[in-house]
Protein chains: 2
Amino acid sequence: MTDGLPVPDLAHGTGVEVGVSGGSYEVVVGSGLLARLPTLLPNNARAHRYAVISDENVAPLYGSAVLEALTSTGVDARLYSFPPGEASKTRENWSMLTDAMLDDGHGRDSCVVAVGGGVTGDLAGFVASTYLRGIPVVQVPTSYLAMIDASVGGKTGVDVRAGKNLVGSFHAPRAVFADSDTLATLPDAERVQGLVEAFKHGAILDAAYLEWLTTAADMLLAVDTETATEAIVRSVRIKADVVTRDEREGGVRQVLNFGHTVGHALEAATGYAMGHGTAVAAGMLLEAELGERLGITEGGTRAQIASSLSRLGLSLDSVPSVDLEAAMGFLASDKKARSGRPRYVLLRRLGEVEDEEAWSREIPDSLVRDVLAEIA
Amino acid sequence: MTDGLPVPDLAHGTGVEVGVSGGSYEVVVGSGLLARLPTLLPNNARAHRYAVISDENVAPLYGSAVLEALTSTGVDARLYSFPPGEASKTRENWSMLTDAMLDDGHGRDSCVVAVGGGVTGDLAGFVASTYLRGIPVVQVPTSYLAMIDASVGGKTGVDVRAGKNLVGSFHAPRAVFADSDTLATLPDAERVQGLVEAFKHGAILDAAYLEWLTTAADMLLAVDTETATEAIVRSVRIKADVVTRDEREGGVRQVLNFGHTVGHALEAATGYAMGHGTAVAAGMLLEAELGERLGITEGGTRAQIASSLSRLGLSLDSVPSVDLEAAMGFLASDKKARSGRPRYVLLRRLGEVEDEEAWSREIPDSLVRDVLAEIA
């Protein structure tokens, strides 16, 4: 994707390369990146004009500053915003943002710049992916979740009546600039939600990283810049390695779904009353339990994950009461189901995933029901 | 895309291979293909279930027959339909079809089968492209336009307030099955509209083919099966060759836009009161005139194209009166404009495109205005 373009200036950041079909892109993590966008954007995603997209919370905090920095250096840019929150990740806002850009005459030589959290990245990415059949997007994540998880992998999309993220596309960004300074304005609850994905990366592929995260949890929640940068870089490296090997989720990329099969069902069964991170944390614990009962996951693994997650203040007690039949129903309609059967990623032990049955496997409903009864 | 899958059985059809990133797909043209879909579909796009999509005109003609053929041989399939016509190529129908498929529980192992004309192919292709971030689509075109033009290239999308095809994606089909028997039910006016694209293929890249089309026009309008099949195969070969060399429209693929820069502006300026083919025919004549006035196109080329198109009953007289300023305005907002300037594909002579300035070029507004005044 960046063939022939200069590589990012890494003087003030750490770059991680992500391979995608047709090229690669750089995820740059560091302090002070936002102020350098007027140089970084044209160098990494040359465009006639830029469409900066932020939600209405982030627009005054960072979106406007990015816009002013761009226009004051002679770069043509416009700012587009939408109401904050997961409830805004809709086809309606996707249409509204697209139509606003069309009205302003953005052409194929425009580039979308998504400044914000995971919702903004997904929504703005889907706008870019479908605008005039696809224009480039640069991701500027401002939350732990967006930096740690959403910045790598190119997933874009919206939520619909039937569930979250069911409509969308894969659209790799031209570059990702994760400015760790922006985490300071992230609400406490959202810090926890995003860090869960880092703990997941440790649980599936790097036990030493999980141990480091457990020790560093307080510093991460307080957004100590150096500690936060290290976590983001380590998580991005882990995820980039997986995604580079499997861009479209047919193989090894499935391991990133650890905790998510059960987690998504819990979220849906509670009407999305709980945070995504809370649901994934519960999902990891219950999927570890499933693995232990099947004799696939080493005994004690669930307890170790529970001990780590407790440092983020998360446990099964964080989950609201769930209707068991509703949860089983949502499992059956899981997006990643095959032949109508949901699939689960199981650990062998901390830091190691079972890889024998194509990275994920079916599990008898009766066992799943028994384990889920714990939180019903 | 078809790695490891058996190649189509060509006993009753001619196959043309189209190269796309990550593989290739086959366009099979012939008689009796519809009846063979229960074998052709599983062999070329294996899926757990099929979602057959047709408009409400084509559903009773062919959609239901395809559905019955599939289900009677034990293949799991459902039929989805939407109101016919370009006015149905909307985000609303895209949402409606997607939600209906989600309600029926189609998973990532489902495949969309688009049975119908260009609108169906574009709309159903966009559904497939964004359903759970992308599932396969098989195109079963039933009109000249869909067989000759839309079946190759992977363009999908919908129309929006600001114009046609402004939202969409590139999503190559797993296979294309063009059953020439279905052309018999195509209304006369639509035959003309689709054949214009074949004449365009001749005009830009194959003067002998244009000459053959001119001679064969009556047989093509009457849908003589053998003649129709030959035209479709020749056009598909020409377009496949171009698209294989340039999947995403950065280079040589632009030559396919001959007649379309002016054509799209005429369509828009008349509120889409004219057919697409009528507009492209007028666009070819006016863009040939532009080329001749600039001294790039050989003198007499416009007259030769006019003589060929007259065999389809098309001329500038087919175009309703157009507001000149409105047309100039739509030209300025053309989807393929760069730096806010529309670009034109010009011929050197019949069958040969000017290729010096990156396959397309800017033209001074004053000259465009002079030439367009002819139909204002």
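Each chain gets a letter, A, B and so on, in the order its sequence line appears, and its residues count up from 1.
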Region of [X] in contact with chain B, defined by heavy-atom distances below 4.5 Å:
{"X": "A:Ser110", "value": "neither"}
{"X": "A:Val167", "value": "both"}
{"X": "A:Asp99", "value": "both"}

Do A:Arg133 and B:Asn165 have side chains that approach each other closer than 4.5 Å (heavy atoms only, starting at C-beta)?
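Yes, close enough: below the 4.5 Å cut-off.
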Please determine, among B:Val158, B:Leu102, B:Leu132, the option with the most heavy-atom pairs under 4.5 Å with chain A.
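Max contact count across the listed options: B:Leu132.
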Report the distance from atom [atom1] of [X] to atom [atom2] of [Y], rounding to the nearest 0.5 Å.
{"X": "A:Arg91", "Y": "B:Thr130", "atom1": "CZ", "atom2": "OG1", "result": "8.5 Å"}
{"X": "A:Ser129", "Y": "B:Phe170", "atom1": "OG", "atom2": "CZ", "result": "11.5 Å"}
{"X": "A:Arg161", "Y": "B:Thr98", "atom1": "CZ", "atom2": "OG1", "result": "10.5 Å"}

If you count heavy-atom pairs under 4.5 Å between each of A:Val160, A:Asp334, A:Thr156 and chain B, which one has the most?
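Greatest number of close heavy-atom pairs with chain B: A:Thr156.
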